[in-house]
There are 2 protein chains.
Amino acid sequence: MNIGEVAKKSGLPAKTIRYYEDIGLITPLRDTNGYRSFRESDMHKLAFLGRSRALGFTIEDCRNLLALWDDQDRASADVRAIAKEHLEQIERKIADLQAIRDTLSHLVQTCAGDGRPDCPILAKLEKFPT
Amino acid sequence: MNIGEVAKKSGLPAKTIRYYEDIGLITPLRDTNGYRSFRESDMHKLAFLGRSRALGFTIEDCRNLLALWDDQDRASADVRAIAKEHLEQIERKIADLQAIRDTLSHLVQTCAGDGRPDCPILAKLEKFPT
DNA sequence: ATAGGGCTTCCAGTAGCTGGAGGGTCAAGG
DNA sequence: CCTTGACCCTCCAGCTACTGGAAGCCCTAT
């Protein structure tokens, strides 16, 4: 399979696939003409990567998950630890964003949003104790 | 005021303050020895920037907010538009993260997390239709 | 032969800093 | 007067995870 086909099947841009090769996540073969030649197993890995990335795992997490995936003798605890740590990060991020959202939505609501210069948003940014 | 003092007062690292000067957000004076010399107005702007950034506004948003802040004749509608757009982005991001969190927390719950290789997390990453 | 599409590499840029090298400046203590 | 240590300076590189573009080869169809 050439990169175009793999890109279509996996949903990942060709650029991204080349990048994943660059950083050693996959190692497709090469045809005599220099074109990358993807096996089913490469395709499989790319799909795995696409899903992991869609769940917000970092590339390094993905690298580790991929290694665990390849290892038939892995302990599920290792996988779970990565996922749990990631989950906690996500939860922290959600909490942060919710706090921001609350502040911001309050500000947007109290701002007249008309032609006058008077603006509680700027007032808050000016004075709000961080 | 030297950069160290400003850093302490504003809570921003000196590196960041220099960076903000680099990209034209502030323009402190210079002493004869080459040291940056910050006025109260610079300090004030940095505090404004710190708060805007803490609310997740991009640097470009900050630049625009700062310009509006400086402009006594601004229309509050302009400020509100920036904040509202940002708020909507935040809300989208929260929704995305919540979806991820739900998937992930379900996976973490169903994974035994013991020494056995059997792992629903990897199974999901392998098969889940993106 | 030529046109098009697909493939290759390599370089640069994105956002918002952050770390470090290499060096000048200043105030206090010996 | 000299040294020490805490400042300050500039410039360059690196971080994440790609993305865009230039320059050029390959393959198929007409």
Side-chain angles (χ1 to χ4, degrees), chain A residues 1-38 42 45-46 48-66 82 85-86 89-90 93 96-97 100, chain B residues 1-38 42-43 45-46 48-66 82 85-86 89-90 93 96-97 100 130:
Chain A
M1 266 189 293
N2 280 352
I3 201 168
E5 195 183 341
V6 176
K8 205 180 291 175
K9 283 193 190 170
S10 68
L12 296 171
K15 276 274 185 188
T16 299
I17 296 172
R18 288 193 197 101
Y19 174 68
Y20 286 170
E21 184 188 6
D22 262 13
I23 61 174
L25 288 179
I26 51 166
T27 35
L29 304 174
R30 293 287 178 146
D31 280 345
T32 46
N33 59 11
Y35 286 18
R36 287 169 185 81
S37 175
F38 294 84
D42 297 316
K45 275 191 188 181
L46 285 169
F48 182 97
L49 286 168
R51 290 176 202 123
S52 308
R53 293 285 303 129
L55 285 179
F57 286 102
T58 65
I59 290 287
E60 283 319 296
D61 280 346
C62 290
R63 198 187 296 280
N64 294 327
L65 289 172
L66 215 44
I82 296 175
E85 172 60 35
H86 180 48
Q89 265 193 36
I90 300 261
K93 198 171 278 179
D96 290 352
L97 287 177
I100 289 177
Chain B
M1 266 190 293
N2 280 354
I3 201 168
E5 195 183 340
V6 175
K8 205 179 294 176
K9 283 193 190 169
S10 69
L12 297 170
K15 278 272 185 189
T16 299
I17 297 173
R18 289 193 195 100
Y19 173 68
Y20 286 171
E21 183 186 8
D22 262 13
I23 61 173
L25 287 178
I26 50 165
T27 35
L29 303 174
R30 294 288 178 145
D31 281 344
T32 45
N33 59 10
Y35 286 19
R36 287 170 185 80
S37 175
F38 295 84
D42 297 316
M43 178 62 213
K45 276 190 187 183
L46 285 170
F48 182 97
L49 286 168
R51 288 175 203 125
S52 309
R53 292 286 302 131
L55 285 178
F57 285 103
T58 65
I59 290 287
E60 283 320 295
D61 280 346
C62 289
R63 197 186 297 280
N64 294 327
L65 288 172
L66 215 44
I82 295 174
E85 171 60 35
H86 181 47
Q89 264 193 36
I90 302 261
K93 198 170 280 179
D96 289 352
L97 287 177
I100 289 176
T130 312

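In what follows, every chain begins at residue 1, and chains take the letters A, B, ... in the order their sequences are listed.
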**Q** Hey, can you pull the residues of residues 15-23 of chain A with a non-hydrogen atom under 4.0 angstrom from DNA chain D?
**A**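 Within this stretch, K15(A), T16(A), Y19(A), Y20(A) sit under 4.0 Å of the strand.
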**Q** Would E21(A) and R18(A) pass as an ion pair if we require N to O under 4.0 Å?
**A**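 Judged by the 4.0 Å cut-off on N to carboxylate O distance, E21(A) and R18(A) do not form a salt bridge.
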**Q** Quick one: E5(B) CD to dA6(D) C1', roughly how many Å, whole number?
**A**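 Distance check: E5(B) CD to dA6(D) C1' gives 15 Å.
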**Q** May I have the distance from Q89(A) (atom CD) to dT16(D) (atom P), rounded to whole angstrom?
**A**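 After rounding, the reported distance stands at 13 Å.
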**Q** Round to the nearest Å and state the distance from N2(B) atom CG to dT25(C) atom C1'.
**A**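 Spelled out: CG on N2(B) to C1' on dT25(C) is 11 Å.
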**Q** Which whole-number value in Å describes the distance from L29(B) CG to dC8(D) P?
**A**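 L29(B) atom CG is separated from dC8(D) atom P by 16 Å.
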**Q** Figure out the CZ/C1' separation between R53(A) and dT19(D), and round it to whole Å.
**A**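 Answer to the nearest Å: 14 Å.
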**Q** Using atom types as modelled and distance alone, determine if a side-chain donor or acceptor of N33(A) lies under 3.5 Å from a backbone N or O of Y35(A).
**A**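 Checking the backbone N and O of Y35(A) against the side chain of N33(A), a donor-acceptor pair under 3.5 Å is found.
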**Q** Please give me the minimum heavy-atom distance between S10(A) and L46(A), naming the atom from each residue.
**A**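 Between these two residues, the closest heavy atoms are CB-CB, 4.3 Å.
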**Q** Please state how far atom CD1 in I59(B) lies from atom P in dT18(C), giving the value in whole angstrom units.
**A**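 So the two atoms are 11 Å apart, to the nearest Å.
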**Q** Can you check whether I23(B)'s main-chain N or O pairs, donor with acceptor, with R63(B)'s side chain at less than 3.5 Å?
**A**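 Confirmed, R63(B) side chain pairs with I23(B) backbone.
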**Q** Looking at A7(B) and A14(B), what are the two nearest heavy atoms and their distance?
**A**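 That closest heavy-atom pairing would be CB-N, 4.0 Å.
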**Q** Would you say the side-chain atoms of H86(A) pair up with the backbone N or O of D61(A), donor to acceptor, closer than 3.5 Å?
**A**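 The answer is no, because no donor-acceptor pair under 3.5 Å joins these two groups.
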**Q** Relative to the 5' end of DNA chain C, which residue comes earlier, E60(B) or I3(A), by the nucleotide with the nearest heavy atom?
**A**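 This one resolves to I3(A).
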**Q** So which of residues 30-37 of chain A are in contact with DNA chain D, with a heavy-atom cut-off of under 4.0 Å?
**A**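 Of all residues in residues 30-37 of chain A, the ones placing a heavy atom under 4.0 Å from DNA chain D are N33(A), Y35(A).
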**Q** Under the side-chain contact (heavy atoms from CB on, under 4.5 Å) criterion, do N64(B) and F57(B) qualify, and how do the steps go?
**A** CA-CA 10 Å; N64(B) 294 327; F57(B) 285 103; over 6 Å; no
**Q** To check you understand the geometry: which heavy-atom pair defines the closest contact between D42(B) and P28(B), and what is its length?
**A**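 For D42(B) versus P28(B), the nearest heavy atoms are OD2-CA, 3.7 Å.
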